[in-house]
Amino acid sequence: MIKTLQLQPIDKLAITLIVSLTLVIGGLIWLGNSCGNQCLLQTGPRVKEFSWENREIGAEDQAFIITFDRPMDHASVEKNLVIDPPLPGKFSWAGRRLAYTLTSPIPYGEKYHLQIEGAREQFPSGNRLGQTLAIFEREFKSRDRAFAYIGTNGEEQGRLIFYNLTEEKKTLLTPADLTVMAFEFYPDGKKILFSAVAKNQGVQGIRELQLYQVDSSQSPAKIELVLDNKDYQNNHFDLAKDGETIVVQRIERRNPINFDLWAVKLGENPQQLNIQGGEFLIAPDSKTLAVTQGEGIALLPLKSETKPLDFLPKFGRILNFSADGTAAAMVNFNTDNAKMRYIRSLFYVNNQGLQKRLLNLQGSIIDCQFNATGSDLY
């Protein structure tokens with residue numbers, strides 16, 4: 001006697017689903033075999049990422065990257081990429097990633113519109129046109145045109161002042177009871193590091209300097225103490241280009257012969273570098289320190305107890321580095337020439353061994369600065 005197999009409702013549902021999925025998969029395989037690649041790529045190419053999207057760009061931002069979801073025809077992308085206002089630059093590719101490198105620093109105080117329309121994908125077979133990229137549009141902006149200065153008159157005297165040229169707005173960043181002596185911007189262009197002393201200290205206040213930082217974008221501006229003067233007298237300071245390290249010349253109050261350079265990092269205890277010297281400057285790589293020592297300038301790694309990288313015996317001062325660190329402006333005091341001992345000579349020195357005299361000056365050379373591309377010296 002043969003018994004008939006009774007299917008449960010759940011079994012019937014499972015069989016129905018299996019049969020349906022089998023038919024769908026089979027249909028897709030047949031369709032793919034019959035129409036080839038053209039059926040597999042029905043959607044056009046698209047941009048997966050634009051690195052400057054909705055960002056505020058500064059001089060340190062030298063290139064943006066656009067990543068596509070598939071290989072693109074390079075010529076069609078480059079032809080159809082438009083930036084308004086124009087930003088001259090160079091194209092380079094790495095697979096699906098396009099890098100656009102600016103040939104000069106971005107002008108400040110501008111809003112930019114980027115558009116790509118009409119660019120095509122790179123068709124695998126090479127004998128037919130690929131699909132067209134849907135119009136891609138994004139916005140970004142450069143930082144406001146702004147500068148800071150130390151006031152000299154009235155209520156501004158001795159105070160750090162931030163002036164936004166784009167918005168035509170002036171802001172007093174420090175209180176009236178502090179006298180600011182020097183300042184430097186952090187890389188973001190908003191925070192400022194400065195040395196200051198209480199105004200009631202008078203002339204002797206130069207020995208009581210402390211380091212502070214303030215954010216010019218906050219209202220009201222909030223001042224934070226970075227380095228106090230309790231056990232050490234703080235003198236000259238310099239901020240690394242990456243904004244992570246401050247080097248300060250310090251003298252121990254109880255033992256004045258302890259005259260040294262210190263490295264300061266936010267959130268960490270100051271570290272003595274065991275580097276003695278006069279004027280100093282951190283190179284743009286944020287790892288090298290130029291220090292006047294004896295009758296010359298030593299180039300040292302920004303770490304304690306490490307050997308000098310180089311020594312330039314001809315120079316007595318280093319005024320400024322070019323932005324890429326390949327050149328510097330230095331001063332020769334002409335100590336080896338009695339006839340020129342009252343004349344200072346400004347030199348251009350680069351990492352290829354070139355030492356070019358730019359001018360002789362009877363007096364003092366106070367400061368020099370390279371422009372952003374290193375082509376001019378002011």
Side-chain angles (χ1 to χ4, degrees), residues 58-60 105 108 145-153 156-163 165 173-174 179-187 189 192-197 206 209 211 234-241 243 245-249 261 277-286 288-293 295-299 312 314-335 340-351 354-378:
E60 70 280 1
Y108 279 18
R145 296 170 59 240
F147 65 94
Y149 64 96
I150 300 173
T152 57
N153 297 316
E156 296 182 0
Q157 186 173 12
R159 300 173 72 175
L160 184 60
I161 300 164
F162 183 80
Y163 194 92
L165 290 167
L173 299 178
T174 56
T179 296
V180 177
M181 302 300 295
F183 66 91
E184 291 188 35
F185 276 92
Y186 280 91
I192 303 175
L193 176 71
F194 65 93
S195 60
V197 64
I206 195 68
L209 290 174
L211 291 187
N234 301 313
N235 295 335
H236 175 62
F237 71 90
D238 193 28
L239 175 65
K241 188 175 181 180
T245 305
I246 307 163
V247 174
V248 188
Q249 188 184 69
L261 299 183
E279 295 186 0
F280 62 90
L281 205 60
I282 304 174
D285 64 3
S286 300
T288 307
L289 193 65
V291 188
T292 58
Q293 292 184 337
E295 295 185 359
I297 295 175
L299 299 179
L312 303 171
K314 189 174 181 178
F315 304 102
R317 291 188 67 195
I318 180 165
L319 298 173
N320 193 245
F321 283 102
S322 62
D324 60 5
T326 60
M330 298 187 182
V331 176
N332 183 335
F333 290 159
N334 296 299
T335 55
M340 296 182 64
R341 63 182 181 273
Y342 298 114
I343 295 177
R344 303 292 182 255
S345 300
L346 178 65
F347 275 79
Y348 170 88
V349 181
N350 68 16
N351 60 357
L354 175 65
Q355 297 182 1
K356 182 179 180 180
R357 189 193 305 267
L358 300 179
L359 62 86
N360 291 329
L361 183 69
Q362 194 167 16
S364 299
I365 301 173
I366 298 173
D367 195 13
C368 279
Q369 294 220 359
F370 285 91
N371 67 349
T373 59
S375 61
D376 295 286
L377 182 65
Y378 297 95

Exercise. With no hydrogens and no angle check, is any side-chain donor or acceptor of K241 less than 3.5 Å from a backbone partner on A323?
Worked result: yes
Exercise. Does the side chain of I150 come within less than 4.5 Å of F194's, by heavy atoms?
Worked result: no
Exercise. Of all heavy-atom pairs between G278 and V291, which one has the smallest distance, and what is that distance?
Worked result: N-CG1, 4.3 Å
Exercise. Can you tell me how far the CG atom of L281 sits from the CD1 atom of I297, to the nearest 0.5 Å?
Worked result: 9.5 Å
For this session: Working to the nearest 0.5 Å, report the span between CD1 of I246 and CZ of F237.
Result: 8.0 Å
Problem set entry | Backbone N/O of E279 and side chain of T292: donor-acceptor pair under 3.5 Å | yes
Problem set entry | Donor-acceptor under 3.5 Å (E184 side chain, L239 main chain) | yes
Exercise. Can you check whether A59's main-chain N or O pairs, donor with acceptor, with Y108's side chain at less than 3.5 Å?
Worked result: yes
Problem set entry | Counterpart residues, side chain to side chain donor-acceptor pair (under 3.5 Å), relative to S375 (two or more places apart) | N371, T373
Exercise. Rounded to the nearest 0.5 Å, what separation is found between the CG atom of L377 and the CZ atom of F347?
Worked result: 13.5 Å
Problem set entry | N320 backbone acceptor or donor facing Q369 side chain under 3.5 Å | no
Exercise. Do Q157 and T152 come close enough that some side-chain heavy atom pair is under 4.5 Å?
Worked result: no
Exercise. Within the distance-only criterion (no hydrogens, no angle test), does the side chain of N234 pair as donor or acceptor with the backbone N or O of L209 below 3.5 angstrom?
Worked result: yes
For this session: Taking the side chain as every heavy atom from C-beta outward, state whether T326 and N351 have any pair of such atoms under 4.5 Å apart.
Result: yes
Seminar exercise, completed: When every non-hydrogen atom of A148 is compared with those of F185, the smallest separation belongs to CB-CZ, 3.6 Å
Seminar exercise, completed: Separation between CD1 (I366) and CG (L319), nearest 0.5 Å, reads 10.5 Å
Exercise. Does A240 offer a backbone N or O that forms a donor-acceptor pair with the side chain of T245 under 3.5 Å?
Worked result: no
Exercise. Which residues pass the side-chain contact (heavy atoms from CB on, under 4.5 Å) test with T179, sequence neighbours left out?
Worked result: M181, V197, K199
Exercise. Do L346 and L361 pass the side chain to side chain contact (heavy atoms under 4.5 Å, CB included) test, and can you show the C-alpha distance, the side-chain angles, and the key distance before you say yes or no?
Worked result: CA-CA 8 Å; L346 178 65; L361 183 69; over 6 Å; no
For this session: List the atom of F370, the atom of A329, and the distance in Å for their closest heavy-atom pair.
Result: CE1-N, 3.7 Å
Exercise. Side chains of L289 and L261: does their closest heavy-atom pair fall under 4.5 Å?
Worked result: yes
Exercise. Can you tell if the side chain of Q355 reaches within under 4.5 Å of the side chain of L312, non-hydrogen atoms only?
Worked result: yes
For this session: Give a yes or no on whether the backbone of L160 and the side-chain of T174 come within a donor-acceptor separation of less than 3.5 Å.
Result: yes
For this session: Locate the shortest heavy-atom distance separating S322 from P284; write the atom from each residue and the value.
Result: O-CG, 3.2 Å
Exercise. So, does N332 use its side chain to make a donor-acceptor pair with the main chain of S345 at under 3.5 Å?
Worked result: no
For this session: Enter the distance from F162:CZ to I192:CD1 here, rounded to the nearest 0.5 Å.
Result: 6.5 Å
Problem set entry | Gap between atom OH of Y378 and atom CG of D376 - 0.5 Å precision | 4.5 Å
Exercise. With a 4.5 Å limit on heavy-atom distance, are the side chains of F280 and V247 in contact?
Worked result: yes
Exercise. Passes side chain to side chain contact (heavy atoms under 4.5 Å, CB included), R344 versus F333? Steps please.
Worked result: CA-CA 5 Å; R344 303 292 182 255; F333 290 159; 3.2 Å; yes
